[in-house]
Chemist: 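Structure in structure tokens, see below.
Lettering follows sequence order; numbering is per chain, from 1.
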Amino acid sequence: MDQKVDRRSFLNQLGVTVGAAAASAVPVIGPAEAQTASAPKGKIPDTPLKMGHMTFLTGPAAVLGEPSLKGHILAAEEINAKGGILGKRKIETITADEAAGTDANVKELRRMKLSEKIDMFTGVISSGNTPALGPVAEELGLLTIFVDGCTDFLWDKAVPNPKFTFRITNIQSADGVTCAVAAAQTWPTAKKIAHIHPDYSYGRNAFDHFTLAYKKLVPGAEVVSEGWPKLGTTDFTAHITKAMSANPDIIMSSVWGGDYVAMYKQALRYGMFNKAKFASTIAFGVAPHAIGKDHPEGVIAGVHSNYYFTYPAGNRWPANKTFVEKYHKRWNEYPNFQSDGAYHTLHMYRTAVEKANKLTGGWPDEEAIISQLEGMYFETAAGYLYIRPDNHQGYKDAVTGFSKNVDAYPFQILDPNRMITIPIRNITAPPGWPKPGSGHNDPTSTFNWIKETWPQVA
Amino acid sequence: MTIFIIQILNSFFYAAVLFLIAAGLSLIYGVMRIVNLAHGTLYALGAYVSAWVVGSALGHAVSGTLGLAGLLLLLPIGAVVVAAVGAVIEPTLLRPLYRRPEEYHLLVTFGLLMIMEDVIKFLFGPTPLTAGLIMDRMGSLPIGLLIYPTYNLVVIATGFFAAIGLWWFIYRTRFGVILRATSQDRRMASALGINVGRVYIQAFAIGCFMAGLGGAIVVPAQAAVLGIGIEVLVLAFVVVVVGGLGSLEGALVGALIVSFVRTAGIQFFPEIELAVLYLIATAVLLVRPTGLFGRA
């Protein structure tokens with residue numbers, strides 16, 4: 001693909017849409033909870049269904065992780081209020097704190113399966129943890145739906161042929177690419193990019209994919225500064241000063257959770273947001289009320305390319321309206337993308353069990369549930385979710401947006417009238433694309449796919 | 001050049017905070033021979049309490065009547081609360097363990113760290129707290145074409161005066177003599193009629209006050225985030241390893257070295273920012289196993 005194209009026509013090819021009217025012809029379906037089946041077939045045991053939910057309950061990531069547990073609990077309460085899954089099996093959840101560290105998390109997963117006898121495992125936020133937990137879940141034969149921990153590495157290398165493990169939030173490479181597409185579209189003349197990323201797999205992945213995609217879209221773009229703060233750092237003064245010292249056009253960052261809140265507060269006082277444009281993959285991934293009204297407006301404030309509760313607005317996508325209302329009623333706060341992921345993980349599982357029950361009768365075994373999850377097309381608050389059968393990864397259209405203060409909320413939100421939506425298949429490698437180590441040694445298969453197939457914009 | 005000046009100020013800012021934490025850690029070890037793993041979490045508690053007070057109705061009332069000065073006066077409340085917590089912890093949790101081997105100290109203070117992390121989350125929730133009002137009121141100073149937050153200079157000054165004050169306190173006052181005597185020989189001090197139990201409470205409370213003060217003064221510039229205490233504890237240990245555990249001068253020099261090396265790493269070698277601190281600590285340990293100012 002050497003032929004030159006201009007940026008606008010390539011962005012059109014990517015199907016990038018901006019604004020409120022992104023959701024095209026939408027068939028009217030009830031919200032997730034209403035996708036219920038008829039009476040269950042066969043005899044269903046009434047033993048409780050034990051689930052393990054692991055997420056950050058302590059540490060700076062808790063502001064991103066606790067909403068995951070809240071989403072899970074909300075869905076479990078809804079299901080239990082109707083008598084449980086298939087009307088019989090109520091959900092009992094055991095929680096674990098992901099902040100215990102990767103080794104301890106692996107031990108906890110084994111303990112949950114072997115001594116607590118859980119039927120399903122879910123949750124997990126960090127990309128450092130899913131590649132360690134995935135192989136163990138496979139080994140234990142434990143049905144697992146990760147809410148996040150979205151590294152490409154999980155399916156590229158750690159669990160290349162998953163059977164028991166699934167993941168619901170968008171794949172990580174989509175995050176950097178979405179941010180790059182949004183930035184290139186918004187500030188097409190910006191060539192000098194300064195980076196500040198947490199020094200671990202997520203930050204590296206965001207840097208690699210942003211840089212690759214941005215260079216394809218903006219010829220002559222260059223990295224003028226790099227900063228790699230430790231995950232959990234709250235002092236960013238030196239990183240901010242360094243990034244500003246390079247006179248960048250854009251400062252791009254994937255710092256997240258409580259770290260990001262500390263970073264933007266410092267950046268405000270150093271005048272960073274006045275010196276350069278700012279683009280982030282995940283700034284607004286935290287619980288929405290953690291972002292104050294002092295946050296700069298009009299920056300690209302990503303949501304891990306997954307979901308923000310103001311979009312689609314109003315009743316355009318009833319599943320979102322209902323979900324936000326229920327969540328707010330239960331927790332007196334608004335959901336983040338982890339809430340959406342954890343909530344719909346349970347409803348998706350319930351739906352799979354109901355469908356499997358129709359085929360097999362009684363309580364379906366794992367194989368039957370898995371075969372229903374594979375290829376499932378499911379309605380969530382964030383839009384349609386597709387579980388790809390080959391890698392068990394959930395795909396939905398990627399979103400990002402611009403920060404804005406409105407009177408309706410006491411915190412800053414993503415402007416629902418200026419959301420950027422990108423069809424996921426246009427920014428992620430298709431099924432069967434060679435994985436790292438087979439024919440190429442790029443960081444991810446999506447990286448290789450972009451490198452090989454995207455045109456260089458002239 | 002502007003960047004150079006700002007990065008030096010950034011380093012002094014970070015050194016001031018690190019010094020307050022490491023000095024408390026060192027003081028407690030020097031007097032009681034206890035490595036307090038919960039020290040970082042006491043720093044976090046100081047940050048949370050101060051942020052909460054400044055953001056509360058009291059903060060709004062005070063800023064209304066006294067303005068910025070009132071808010072600045074509210075900040076040390078976090079440090080006072082932490083000192084009070086320390087005065088309770090020492091006689092109840094630590095005193096029964098002085099005669100036991102060090103592993104017990106580590107276990108108890110680590111347990112305390114875990115409990116306090118949860119208590120902080122229980123009291124203040126997972127959402128970060130800020131005291132940014134103070135930063136906004138103080139504004140920024142122009143340096144070249146860039147700006148530098150005025151409040152950060154207050155932090156640097158606080159660190160500087162805390163160092164002088166602590167030095168004066170330990171080397172120039174009667175209480176300092178008693179403190180040093182107790183740290184050198186507990187039994188002899190006790191035989192000379194010193195109430196060792198009271199000295200211990202006071203020393204521990206002072207150490208906690210320093211940690212709490214560190215948290216209190218940093219919170220307007222950053223934010224009180226869950227887990228800040230853990231991150232800072234690790235760095236405080238690097239500081240005392242470089243400077244020498246139990247030494248006040250060591251804490252000061254160690255904080256300056258760690259802070260300047262970190263900033264230089266960020267500016268010039270971003271890829272090895274994490275490694276460079278530990279390389280320095282390793283080098284010091286190889287050459288002087290007790291740290292630069294440590295006693296054998």
Side-chain angles (χ1 to χ4, degrees), chain A residues 56-67 97 99-100 195-197 199-200 225-247 257-266 268-272 274-275 286-292 294 333 411, chain B residues 2-4 6-7 9-11 13-14 17-18 47 114 117-118 120-121 125-132 135-136 138-140 142 145-152 218-228 230-232 234-235 259 262-268 270-274 277:
Chain A
F56 283 99
L57 302 175
T58 59
V63 67
L64 193 117
E66 203 169 66
D97 186 359
H195 290 267
I196 303 176
H197 300 284
D199 193 3
Y200 80 115
S225 164
E226 290 177 36
W228 298 99
K230 180 174 179 291
L231 188 63
T233 293
T234 49
D235 180 276
F236 291 95
T237 54
H239 300 100
I240 290 166
T241 306
K242 183 186 181 199
M244 289 169 71
S245 74
N247 287 318
D259 296 6
Y260 178 71
V261 176
M263 183 174 112
Y264 94 72
K265 300 270 179 196
Q266 289 162 63
L268 278 177
R269 279 69 186 238
Y270 279 72
M272 186 183 98
N274 302 327
K275 283 279 170 190
V286 290
H289 55 270
I291 302 291
D294 57 347
E333 62 185 51
F411 46 84
Chain B
T2 308
I3 292 300
F4 192 61
I6 291 185
Q7 287 293 33
L9 288 174
N10 287 340
S11 304
F13 171 84
Y14 202 55
V17 178
L18 278 183
M114 305 294 251
E117 287 284 321
D118 275 354
I120 287 175
K121 188 186 158 208
T127 312
L129 293 187
T130 59
M135 293 290 279
D136 296 337
M138 295 196 79
S140 298
L145 293 172
L146 299 175
I147 55 173
Y148 190 76
T150 317
Y151 176 78
N152 286 17
V218 92
V219 80
Q222 300 178 0
V225 177
L226 289 178
I228 43 171
I230 312 279
E231 160 74 9
V232 125
V234 175
L235 284 167
S259 183
R262 176 177 178 267
T263 307
I266 291 167
Q267 183 71 32
F268 302 114
E271 290 287 333
I272 57 160
E273 179 196 329
L274 293 187
L277 288 182

Chemist: With side-chain contact (heavy atoms from CB on, under 4.5 Å) as the test, would you mind laying out the steps for V225(B) and Y260(A) before giving the verdict?
Modeler: CA-CA 10 Å; V225(B) 177; Y260(A) 178 71; over 6 Å; no
Chemist: Run the side-chain contact (heavy atoms from CB on, under 4.5 Å) check on F4(B) and T241(A) step by step: do they pass?
Modeler: CA-CA 9 Å; F4(B) 192 61; T241(A) 306; over 6 Å; no
Chemist: Give, as side chain, backbone, both or neither, the part of P142(B) having an atom under 4.5 angstrom from any heavy atom of chain A.
Modeler: neither
Chemist: Side-chain contact test, heavy atoms from C-beta onward, threshold under 4.5 Å: evaluate it for K242(A) versus I3(B) and give yes or no.
Modeler: no
Chemist: What part of Q266(A) is in contact with chain B, defined as an atom under 4.5 angstrom from a non-hydrogen atom: side chain, backbone, both or neither?
Modeler: both
Chemist: State, to 0.1 Å, how close A262(A) and A223(B) come at their nearest heavy-atom pair, and which atoms those are.
Modeler: CA-CB, 4.2 Å
Chemist: Kindly give the heavy-atom pair with the smallest separation between N152(B) and Y270(A), and that separation in Å.
Modeler: ND2-OH, 3.2 Å
Chemist: Between G258(A), A61(A), A238(A), A243(A), who has the most heavy-atom pairs with chain B when the cutoff is under 4.5 Å?
Modeler: A238(A)
Chemist: Would you mind reporting whether I272(B) and W228(A) have side-chain heavy atoms less than 4.5 Å apart?
Modeler: no
Chemist: Mind ranking L146(B), V232(B), T130(B) by heavy-atom pairs under 4.5 Å with chain A and telling me who comes out on top?
Modeler: T130(B)
Chemist: State, with a plain yes or no, whether a side-chain heavy atom of K265(A) is found less than 4.5 Å away from one of P128(B).
Modeler: no
Chemist: Name the region of E231(B), side chain, backbone, both or neither, that has any atom closer than 4.5 Å to a heavy atom of chain A.
Modeler: side chain
Chemist: Taking the side chain as everything from C-beta on, heavy atoms only, tell me whether R262(B) gets closer than 4.5 Å to D235(A).
Modeler: yes
Chemist: With only heavy atoms counted, which part of F13(B) is less than 4.5 Å from chain A, the side chain, the backbone, both or neither?
Modeler: side chain
Chemist: Do T237(A) and Q7(B) come within less than 4.5 Å of each other through their side chains, counting heavy atoms only?
Modeler: no
Chemist: Report yes or no: does R269(A) contribute a side-chain atom to a donor-acceptor pair with the main-chain N or O of G132(B) at less than 3.5 Å?
Modeler: yes
Chemist: CG of L145(B): more than 12 outside heavy atoms within 6.0 angstrom?
Modeler: no
Chemist: Just by distance, do the side chain of Q222(B) and the backbone of M263(A) share a donor-acceptor pair under 3.5 Å?
Modeler: no
Chemist: What residue, out of S11(B), G125(B), G139(B), A221(B), has the most heavy-atom pairs lying under 4.5 Å from chain A?
Modeler: A221(B)
Chemist: Side chain, backbone, both or neither: which part of A290(A) has a non-hydrogen atom closer than 4.5 Å to chain B?
Modeler: both
Chemist: Indicate yes or no: at least one non-hydrogen side-chain atom of I228(B) is less than 4.5 angstrom from one of T234(A).
Modeler: yes
Chemist: Check each atom of L64(A) against the heavy atoms of chain B and say whether the ones under 4.5 Å are side chain, backbone, both or neither.
Modeler: neither
Chemist: Which region of S225(A), side chain (C-beta onward) or backbone (N, CA, C, O), has a non-hydrogen atom less than 4.5 Å from a non-hydrogen atom of chain B, or is it both or neither?
Modeler: neither
Chemist: Please determine, among I230(B), T2(B), D136(B), the option with the most heavy-atom pairs under 4.5 Å with chain A.
Modeler: D136(B)
Chemist: Mind checking whether T58(A) and D118(B) have side chains closer than 4.5 Å, heavy atoms only?
Modeler: yes
Chemist: Measuring heavy-atom distances to chain A, does S140(B) have an atom under 4.5 Å in its side chain, in its backbone, in both, or in neither?
Modeler: side chain
Chemist: Please identify, among S245(A), G292(A), G271(A), the residue contributing the most non-hydrogen atom pairs under 4.5 Å to chain B.
Modeler: S245(A)
Chemist: Can E273(B) and K230(A) be counted as an ion pair, charged N to O under 4.0 angstrom?
Modeler: no
Chemist: Are any of the side-chain heavy atoms of F236(A) and I266(B) separated by less than 4.5 Å?
Modeler: no
